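Accompanying notes for the structure given below.
For clarity, every value in this text was computed on a predicted model and none was experimentally measured.
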Amino acid sequence: MAGRLVEFLEVAVIWAIISSIIIGLILGVVARLILPGKQNIPIWLTIVVGIVAAFIGNWLAGLLGVRVTDGFDWIRHLIQVVLAVIGIGVVAGVYGKKGVRS
């Protein structure tokens, strides 16, 4: 019985990691499409910003009481996208200036 539980938890953790990467990629790409201009940041950084935006967005949605609703969680996802746009903008500004000398 304990072996099955451990196996289930291992699969759940692996799925959580995979889904976080996929959601992070989607959020990051959507944020880059919304932001005007070119963002000179690598795709891995886009994914990381998207993952962070997803986690912070879930946390904020929980504080606002809109994390879990009947049907599609539009407000939670809107919060995540807004945070991803802000994050990509900040990271692109900092990362884009890396190596530029004044």
Side-chain angles (χ1 to χ4, degrees):
M1 181 75 171
R4 286 182 151 286
L5 179 60
V6 169
E7 184 178 318
F8 173 78
L9 291 175
E10 288 173 350
V11 170
V13 167
I14 291 170
W15 178 245
I17 291 169
I18 292 170
S19 63
S20 292
I21 292 170
I22 293 169
I23 291 169
L25 175 62
I26 293 168
L27 282 172
V29 168
V30 167
R32 287 180 73 164
L33 289 173
I34 292 172
L35 279 172
K38 182 172 171 46
Q39 297 84 36
N40 288 323
I41 61 172
I43 192 67
W44 67 264
L45 194 51
T46 300
I47 294 170
V48 169
V49 171
I51 291 170
V52 170
F55 283 121
I56 295 173
N58 279 338
W59 176 73
L60 283 176
L63 288 178
L64 298 172
V66 295
R67 184 170 181 201
V68 178
T69 60
D70 293 335
F72 195 74
D73 299 329
W74 290 105
I75 297 171
R76 177 173 54 115
H77 297 304
L78 180 63
I79 292 169
Q80 291 172 329
V81 169
V82 168
L83 289 172
V85 168
I86 293 169
I88 293 290
V90 169
V91 169
V94 171
Y95 193 86
K97 293 181 182 181
K98 187 176 91 170
V100 176
R101 297 177 191 216
S102 304

Exercise for the section: Count the heavy atoms belonging to other residues, nucleotides or ligands that lie under 6.0 Å from CZ of F8, then report whether that count exceeds 12. Expected result: no

Practice task
For atom CD1 of I75, decide whether the heavy atoms of other residues, nucleotides or ligands shown that lie under 6.0 angstrom number more than 12.
Solution key: no

Practice task
For R76, enumerate each residue passing the salt bridge (charged side-chain N to carboxylate O under 4.0 Å, His left out) test, keeping only those at least two apart in sequence or located in another chain.
Solution key: D73

In one Ile/Leu/Val/Met/Phe/Trp/Tyr side-chain cluster, 4.5 Å: [X], [Y]:
| X | Y | result |
| --- | --- | --- |
| F72 | I23 | no |
| V30 | L27 | yes |
| V49 | V29 | no |
| W74 | I34 | no |

Scan the side chains in residues 77-91 for donor-acceptor partners under 3.5 Å anywhere in the protein, sequence neighbours excluded, and list what turns up.
residue	atom	partner	partner atom	Å
H77	ND1	Q80	OE1	3.0
Q80	NE2	A54	O	3.2
Q80	NE2	N58	OD1	3.1

Which side-chain N or O atoms in residues 36-45 pair as donor and acceptor under 3.5 Å with protein atoms at least two apart or in another chain?
residue	atom	partner	partner atom	Å
Q39	NE2	P36	O	3.4
Q39	NE2	G37	O	3.1

Fill in the blank from the handout: Separation between CD1 (I47) and CD1 (I26), nearest 0.5 Å, reads 10.5 Å

Handout entry: Check against side-chain contact (heavy atoms from CB on, under 4.5 Å), I21 and I51
Key = CA-CA 7 Å; I21 292 170; I51 291 170; 4.3 Å; yes

